[in-house]
Every structure is written in structure tokens, then in C-alpha cells.
Amino acid sequence: MRVSTKRSLTRGKKARGDAAAVQGRLEEAHGLFGQVCRTDPADAEAWVKLAMVERRLGRLAEAETSAHRALTLAPGVGFAHHVWAVAVHAQGRFPEAVEAYRHALKCQPGFADAHFLLACALRSLGQTREAAEHLKQALARRPDYAEALSELGALNVLAGDHATGLVQLQRAAQLQPGNVETQCNLAQALRLAGRMPQAISTYRQTLQSAPNSASAWAGLAQLLERVGQLDESRQCLERARALAPLLPDAELVAARLMCREKRFEQVAARLHHLLASQGLAAEISAEAELLLGQVLDQLNRPEAALDQFTRGKARRSIAAAMDPRNDPAHYLRRVEQLRALCSDGLASAQPLDFGVAASPADPVFLIGFPRSGTTLLEQMLDAHPQLVAMDEQPAVSQMLQAFWDLAGDDPAGALAGLGQRDASHLRDVYRAEAARHMQLGQHQRLVDKLPLNTAAVPVIWRVFPRARFIFALRHPCDVVLSCFMQDFAPNTAMASFNSLAGAARLYQAVMSAWLHFVRTLPLVHFVNRYEDLIADPPGELRRLCTFLDLPWDDGLMDHVAHARQRGAINTPSYQQVTQPIYRSAADRWRRYQDGLAPVLSTLRPFIGSFGYTVDSAA
């Protein structure tokens with residue numbers, strides 16, 4: 001009789017506790033569930049409910065204890081495992097959380113929330129491919145699960161699939177317009193897709209409705225630092241810190257702002273402290289490792305810097321591996337396919353004639369290899385009133401896709417035999433995409449800067465027979481080292497830069513193709529050496545003006561003011577090009593000779609071919 005009375009009393013209290021929890025009266029719910037647990041300590045359900053409320057109140061250690069009590073009483077109850085997992089997850093104990101979520105899913109395989117939160121814990125550990133699979137499982141059970149859709153979109157963007165990720169994030173934002181995390185993910189996706197103004201606007205709109213979001217303030221501070229609005233960036237950073245003093249995202253922004261002030265010793269100490277933090281997400285760790293490597297390079301500690309870059313790139317490799325298209329071999333095969341288009345038939349083909357008076361004039365293509373000074377040169381050329389530079393947009397990629405669509409089984413023959421009609425179509429595809437990013441004024445010419453468009457030269461030359469090519473060149477050792485040192489946004493080409501050996505292999509493939517194109521095709525091209533540009537900017541720029549049939553303009557020598565006025569720059573050089581020209585990056589590879597030794601045999605032929613002395617790489 002007493003047992004029946006006890007259960008009757010606890011049932012009523014649990015019902016009242018449920019109602020209070022649903023209505024947000026968490027302290028009242030906590031008291032009611034606590035009374036039930038004291039009255040009937042064997043009631044596993046009550047311990048689960050108490051743990052849920054304690055988690056919502058932020059009492060994570062208490063929630064962990066209550067959930068563990070429930071597990072002791074009912075080890076086969078999936079939700080008990082789930083609540084315990086959530087409690088340890090919130091404390092940054094990701095491996096334990098992963099194991100507990102897995103137990104929950106063994107008991108209850110269709111539990112969408114467990115799939116979602118397991119994915120979040122896996123992402124924090126850098127296991128992005130498995131995380132994506134669990135997000136898909138969650139969405140298979142709840143197609144309108146906005147949080148899971150947002151997380152999957154963020155992972156796709158992280159893996160370099162910006163188009164898919166943006167669609168998923170925009171859908172998630174429609175499902176939950178007020179979800180701050182989704183809006184922050186969307187803003188970062190827009191940034192990585194090169195749409196900086198929209199990214200900043202998304203953060204500003206989010207903060208209007210959620211002014212207490214530390215993540216949104218830190219995200220906005222990050223973007224403002226990138227576009228050079230440093231005072232406002234610092235203000236946003238202070239707002240983020242006031243709300244969450246130990247937020248890792250804010251610590252990274254603070255470190256980048258201190259780098260601009262050249263306070264490298266302090267930055268190194270700050271980043272070491274951040275990397276020692278428990279529960280640091282893999283993405284944050286990778287960014288901090290790579291930034292610390294750059295700081296140690298500035299402090300002339302090459303061995304320590306190389307260790308940091310190696311650790312950071314290893315983490316980046318794990319994230320990139322989520323998408324099989326990010327396999328470095330995939331892009332190497334693409335380079336070989338493009339090189340094969342430059343056949344004897346193409347070299348002897350009659351160039352297409354679009355008329356001297358064709359308007360607009362064929363673009364200038366600024367190509368080469370990443371980290372060869374292309375961003376600096378682009379900023380200089382963009383300052384000329386008769387030139388408009390387009391920074392790393394996919395106009396050539398769109399044209400290439402259109403070419404592959406019409407090429408059939410013999411792409412080399414299709415390119416050599418390309419007719420006027422198809423060539424006009426490809427020109428239109430290119431210009432339509434370019435117009436989405438740049439507007440030309442009267443008598444202005446487009447400078448399309450994207451270094452790895454080097455591999456696409458055969459198609460570019462065939463479709464734009466009057467195009468001029470500026471080939472940016474820098475010491476091969478400096479180029480490969482610098483590519484390894486940079487934190488590039490992930491995509492199929494940049495995946496090669498997650499190791500020195502990968503960077504050297506890609507350099508070999510692209511530069512071999514370029515040398516083949518120069519020998520085979522009558523290209524109108526100008527070789528711009530980075531070392532010459534920084535040693536004698538006026539002389540090199542005057543030679544470029546002559547090559548482009550342009551009058552000299554003094555604006556070419558004021559690239560710093562121009563870059564600051566222009567704002568967003570979509571490459572890792574965004575800080576450097578807003579500074580006066582410096583020469584410290586030239587021959588930086590010499591300090592890293594021991595680390596570069598394994599790739600010198602790959603690079604040595606190009607050192608000679610491009611006029612750099614072989615002895616310098618001995």
C-alpha cells in the first residue's frame with residue numbers, strides 16, 4: 001500500500017515538473033524532480049528528467065551525476081545515455097560524449113537528436129566524414145531538422161563544397177529564422193564563398209535580434225579584421241569577451257589583431273595558452289596551430305614553426321578528407337587532362353577571329369602559382385584607372401565546364417576544331433560569370449587573377465585569342481614553402497598544400513604544363529618575377545604598362561591605400577597587401593632548408609628553368 005502511495009505522489013510531482021520545464025520555470029521543475037528522486041531513489045525516469053533540467057540550468061556537473069545515477073538504474077535506456085552524453089559534451093569532454101551517444105543509438109537507433117549531437121561531438125574531434133553521415137541519418141528521420149541541416153551545411157562549406165553548403169544553410173535559416181548558430185554558420189559560408197559584404201550584413205542582422213550572442217560578435221570581429229576595419233573589429237571583440245571571456249573564436253581574433261601590431265611574443269604566448277585548453281574544437285585547434293606557425297616564423301624560429309605547420313595541416317587534412325573531391329590526386333588528374341588539350345592540332349589550328357574592335361577587349365589573365373605575389377600585383381594593377389581586377393572568381397571554371405559539356409570523347413580534337421559559334425558561347429559563359437562579380441566601365445579592361453588558371457591556358461587562349469597573360473614567378477622553394485605555411489580555404493586544389501610533398505607535386509604538375517604551353521602555343525605573355533617587383537616596383541610596373549599598351553599612372557605605386565579602400569581581399573595575403581612592400585619573404589626558404597630537403601629533387605628542374613640558380617638550392 002505504501003509503494004502504491006509513493007508512486008502516486010511521484011507521478012503527480014513528475015507531471016507538475018514536466019509542465020514547469022515546458023513553460024521554462026526551471027527552478028520549480030528542478031525542485032519537483034529533486035523531491036521525486038529523494039522520495040523514490042530507484043526512479044530512473046526522475047533522474048533523467050532532473051539531469052535534463054540541470055543541464056538547461058547550466059549545472060553540468062550536477063547533470064552528469066544525475067544522468068549517471070539513471071544509467072546505473074537503467075543501463076538499457078537510450079535516453080539516459082543521451083542525457084549523460086549531453087552533460088559531458090557541454091563540458092568539452094568530446095570522446096566520452098561520443099561513446100555515450102553511440103550507446104544511446106544502440107538502444108534507440110532512430111533517435112534523431114542523438115545522431116545530431118553525436119555529429120557535433122565528432123566534428124569537434126575533427127572526424128568530419130562520420131559526422132556528416134550521422135547528420136544525414138538525423139535528417140532521414142526528421143527532414144526539417146533545422147539544426148542538423150545547418151551543421152551539415154557548415155561541414156560541406158568546410159570541405160570546400162560552398163554551393164551545396166550555402167543551399168543547406170539558407171534552407172535551415174528559413175526553417176528557423178531566429179537560430180543564431182545557423183545565422184553564424186551562414187555568415188561564415190558566405191565569407192568562404194567570397195561574398196564578404198553579405199557575410200558582414202548577415203552578422204549585423206543577427207546581432208540586431210540577438211545582441212547577447214558572443215559567437216556572433218566574435219564572428220563579426222573576425223570579418224571586420226579581414227577587411228581592415230580594425231577599430232570596429234576591436235569594439236566587437238570587446239563585446240564578445242564581455243559576454244564570454246574565454247571564447248576560443250574571440251581569442252583567435254585578438255591574436256590576429258595583435259599580429260597587425262607586431263606583438264608576436266605576446267601572440268605566441270596567447271596561442272600556446274589557447275592550444276592547451278581542454279575541449280578545443282578541431283577546427284579552432286587547426287587555425288590556432290597554423291597562426292602560431294606564422295608567428296614563430298616572424299620570430300625566426302623555423303624548426304618550431306615547421307612543427308606547428310605540420311600539426312595544423314594534419315588537422316586540416318582530416319577535415320578535407322570528408323569530401324572525396326578534396327583528394328589531391330583528383331586535381332592532379334585535372335591538370336593532366338588540361339595539359340593534354342595542348343596538342344599539335346591546337347598549335348596548328350587557325351586562331352578564331354572576333355574582330356579587333358570587339359568590345360569588351362579580351363581579358364588580361366594573371367596566372368602562375370599561389371603565393372607568387374599575384375595578390376600584390378593584382379592590387380597594383382587594379383589601381384590603374386583603365387584596369388579592373390577580379391580576385392579569384394570562377395569565371396574560367398564556368399567556361400571550362402561549358403567546354404567539357406560540348407567536347408565529347410575527343411576534348412583535344414574538340415578544342416583544336418572549335419568553331420566560331422561554340423567559341424562565342426564559351427566567351428558568353430565566361431563574361432556572364434565575370435559580370436556577377438565585376439562591372440567594367442567604358443575603356444576599362446578586366447584583369448582576371450587566379451593563379452591556378454595556369455592549367456587552363458589552352459582553353460583560355462583558344463576562346464580569347466587576343467588575351468594577354470601575366471605569369472607571376474617566384475623562387476620555387478619559396479612558393480612551395482609559403483603554400484604549406486598558409487591556411488587556405490579547403491577545395492580540391494588547396495588540398496595538395498596540406499603537406500610539403502603534396503605542394504611540390506602540384507607545383508611540378510602545373511609548372512610542367514606551363515612550360516609545355518609556352519613551347520607549343522604563340523602566347524602573348526609577360527613573366528613578372530616577384531623578386532624584381534619588390535626590388536624595383538616602378539621599373540617592373542612600367543614594363544608591365546608597356547606590355548599592356550597602357551599609359552603610366554601614379555596610382556600604381558599607391559597599392560596600400562588602394563587595397564585599404566577596396567576592402568575585402570579573398571586570399572591569405574589580405575594583411576600583407578595592406579602594408580608597404582617588404583622584402584623579408586624573399587629567400588625565406590633558406591631558413592627552412594632542412595625541412596625542404598625531401599622535396600628539392602622535385603623542385604630542382606624548375607629552379608634552373610626559371611633562371612634561379614641551382615646552387616641556391618644545394
Under 3.5 Å, is there a donor-acceptor pair between the side chain of S209 and the main chain of T206? yes
Is there a donor-acceptor pair under 3.5 Å between the side chain of K313 and the backbone N or O of Q486? yes
Is it the case that the side chains of Q508 and R505 hold a donor-acceptor pair, with the cut-off being a distance below 3.5 Å and no angle test? no
What do you reckon, is CD of E232 surrounded by more than 12 foreign heavy atoms closer than 6.0 Å? yes
Is the closest side-chain heavy-atom distance between Y592 and P302 below 4.5 Å? yes
Do R474 side-chain atoms and R371 backbone N/O form a donor-acceptor pair below 3.5 Å? yes
Going by the rule salt bridge (Lys or Arg N to Asp or Glu O under 4.0 Å), which residues pair with E265 if we only count those two or more places apart in sequence or in a different chain? R301
So, does D478 use its side chain to make a donor-acceptor pair with the main chain of W589 at under 3.5 Å? yes
Between Q205 and Q183: side-chain donor-acceptor atoms closer than 3.5 Å: no
Exam field: side chain R260 to backbone E225, donor-acceptor pair closer than 3.5 Å: yes
Would you confirm whether W217, through its side chain, and Q235, through its main-chain N or O, come within 3.5 Å as a donor-acceptor pair? no
For the side chain of T454 and the backbone of G368, is there at least one donor-acceptor N/O pair under 3.5 Å apart? yes
Qualifying residues under side-chain hydrogen bond (donor to acceptor under 3.5 Å, both in side chains), relative to Q91, sequence neighbours excluded: E64
Is the CD atom of E181 crowded by more than 12 outside heavy atoms at less than 6.0 Å? no
